[in-house]
2 protein chains.
Amino acid sequence: MNDDQEKAKNYNPKKYRTPDGIPADIVMFTLTKQERRSSTKSLPLFELKVMLIRRRSWPFAGAYALPGGFSQENESLYETASRELQEETGVDGGHLEYLGVYSTPGRDPRGWIISHAFYALVEEWVLEKRKAADDAQAVGLFTIQEALEELELAFDHREIIKDAYRRIQEQMLQTTIAKQFLPPHFTLSELYQVIRTVVPDFEELNFIRKVTSTRSRQGILEEVVDENGKRLVSNQYSQRPAQLYRFTDFTPRLSIYT
Amino acid sequence: MNDDQEKAKNYNPKKYRTPDGIPADIVMFTLTKQERRSSTKSLPLFELKVMLIRRRSWPFAGAYALPGGFSQENESLYETASRELQEETGVDGGHLEYLGVYSTPGRDPRGWIISHAFYALVEEWVLEKRKAADDAQAVGLFTIQEALEELELAFDHREIIKDAYRRIQEQMLQTTIAKQFLPPHFTLSELYQVIRTVVPDFEELNFIRKVTSTRSRQGILEEVVDENGKRLVSNQYSQRPAQLYRFTDFTPRLSIYT
DNA sequence: GTAATAGTGTCTGTTAGACACTATTCT
DNA sequence: AGAATAGTGTCTAACAGACACTATTAC
């Protein structure tokens, strides 16, 4: 037995009251695409949705809650969230990010339970599959407005969803997470629509020109070309083919002063 | 006994292994000012420092650690941090913000201990007072370089300090936290020096002009005037008096796309 | 006068914002 | 031709970046 182990044996961590559990809850966002009926090709309608599960048991039986689960001793909280995400959706990988801690006394009637919120960006089909596999009654995809204004939510999950929404809006403008909602190659209209869906009051009349022809932002996006250097285009959503782009791994440094 | 209480009685939260403690650790930053010897008035030298405490007992006896303490059942983690900050410095108020959670298994030899990091911006005299009140040997103010490269640090506190440093640099450019390091009224040189101290590679040759005469940033700062509308100036750090400014409560929205 | 910081002039090239206009393809 | 999205032209005012220059005051 080494020195540390010996000392650890003498140290009694349960001298004080300790929490009753440390769950990780995940705000899973997805962007649903809905075909628009029209005579010709057109961009689909996007909607930002969040996955919620109807609780069956006490506390908050019948209310909707974020998917999540308790952390175990042998894993970090990120691993807990990652494991839960995998258990809930069958997918690992994808964008998973820490949001914050929720520890207001009394937030959970089961005891002293400190929850950690994460948010994930998941493809629509993943959540649809999950919904099909499970009791369809229990799993739902809701718009932010529905979740915040119409549903009865468990615990402090309304606060968590609000915070996650604020965060994803900020991230959508300040980082390149938009790529999580886009195929590897995409047109600028698709990108613009994705941004607009998450941040409705983002309006840029000259969006195409701005992201392509200004030097200061040069490097966020690049044109996709084939092996012969020919620029690749897509006409999936339009009559006239549009140039395809991809994100580079460059992210500019933002500042309020300059 | 109401329904919830009855159910809570039947619910056994200790069915599973639970953590041994949830501390909050605080990265306390301060900006030290050092007079420069010169024949005339000049700006002081600023340095960004972090407060660390030398541990006396197991584990990591002799190593430096962030100040902090365990959370109690009747308080949120922000309250824990706020209480610790008050206990450590005698000051409440000031800037205190959540940084993140540190939960890697094995990070604390005392057991399963999940720590939450906060960072605080504190005035220099507060920490000096703290240092005087206590055993001066135990409390130290160190530059980031000293803390990260020269000191033996307890737990995963090197990681925490790194993360806090990254965060304060980001915040310094994207929010108006610079005001935490400045008096209510300040000159633009002071502001520039504060920013430069925290983010050394922030270089703006036309800083004064940029923050004063460009419309898009209009509203971050405003000139300070007296009751007669006369503009207030200071010659504390210069021969020629300089216009005093204050922050408004406006913060622009930043975006990589526009 | 000299030192030290405050602030302006000036120049070129780039960008923002508004909005009209052309381009490409499918039906 | 009409629909739908892609993308350019054009104009003005604002801004960025570089760097030389003047201004104010204390010593």
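In this text the structure is predicted, and so the values were computed from the model without any measurement. Lettering follows sequence order; numbering is per chain, from 1.
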Proximal nucleotide (of [options]) relative to the [X] side chain:
X	options	value
Gln239(A)	dA3(D), dT10(D), dT5(D)	dA3(D)
Pro241(A)	dT24(C), dT8(C), dC19(C)	dT24(C)
Asn206(A)	dC19(C), dT25(D), dT5(C)	dC19(C)
Gln243(B)	dG7(C), dA16(C), dT5(D)	dG7(C)
Ser238(A)	dA16(D), dT5(C), dT5(D)	dT5(D)
Glu204(A)	dG17(C), dA16(D), dG7(C)	dG17(C)
Arg240(B)	dT10(C), dT5(D), dG7(C)	dG7(C)

Distance, rounded to the nearest Å, where [X] contributes [atom1] and [N] contributes [atom2]:
X	N	atom1	atom2	result
Leu221(A)	dG7(D)	CG	C1'	16 Å
Phe207(A)	dT8(D)	CZ	P	15 Å
Glu190(A)	dA4(D)	CD	C1'	15 Å
Leu45(A)	dT5(D)	CG	C1'	15 Å
Lys210(B)	dT15(C)	NZ	P	13 Å
Asn235(A)	dG7(D)	CG	C1'	16 Å
Gln236(B)	dT5(C)	CD	P	13 Å
Leu205(B)	dT12(C)	CG	P	19 Å

*Any donor-acceptor pair under 3.5 Å between the side chain of Arg209(A) and the base of dT14(C)?*
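Such a pair does not exist between side chain and base.
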*Just checking, is any N or O donor in the side chain of Tyr119(B) or Gln171(B) under 3.5 Å from an acceptor N or O on the other one?*
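There is such a pair between these side chains.
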*Would you kindly say whether Asp25(A) and Tyr102(A) are connected by a side-chain donor-acceptor distance under 3.5 Å?*
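Looking only at side-chain atoms, Tyr102(A) and Asp25(A) do not form any donor-acceptor pair under 3.5 Å.
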*Between Glu190(A) and Gln236(A), is a side chain to side chain donor-acceptor pair (under 3.5 Å) present by the stated rule, with each step listed?*
CA-CA 11 Å; Glu190(A) 283 182 274; Gln236(A) 187 180 3; over 6 Å; no
*Between Lys162(B) and Glu159(B), is there a salt bridge with N-O shorter than 4.0 Å?*
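Lys162(B) and Glu159(B): salt-bridged.
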*Is the closest basic N to carboxylate O distance between Glu170(A) and Arg166(A) below 4.0 Å?*
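Salt bridge between Glu170(A) and Arg166(A), a charged N being under 4.0 Å from a carboxylate O: no.
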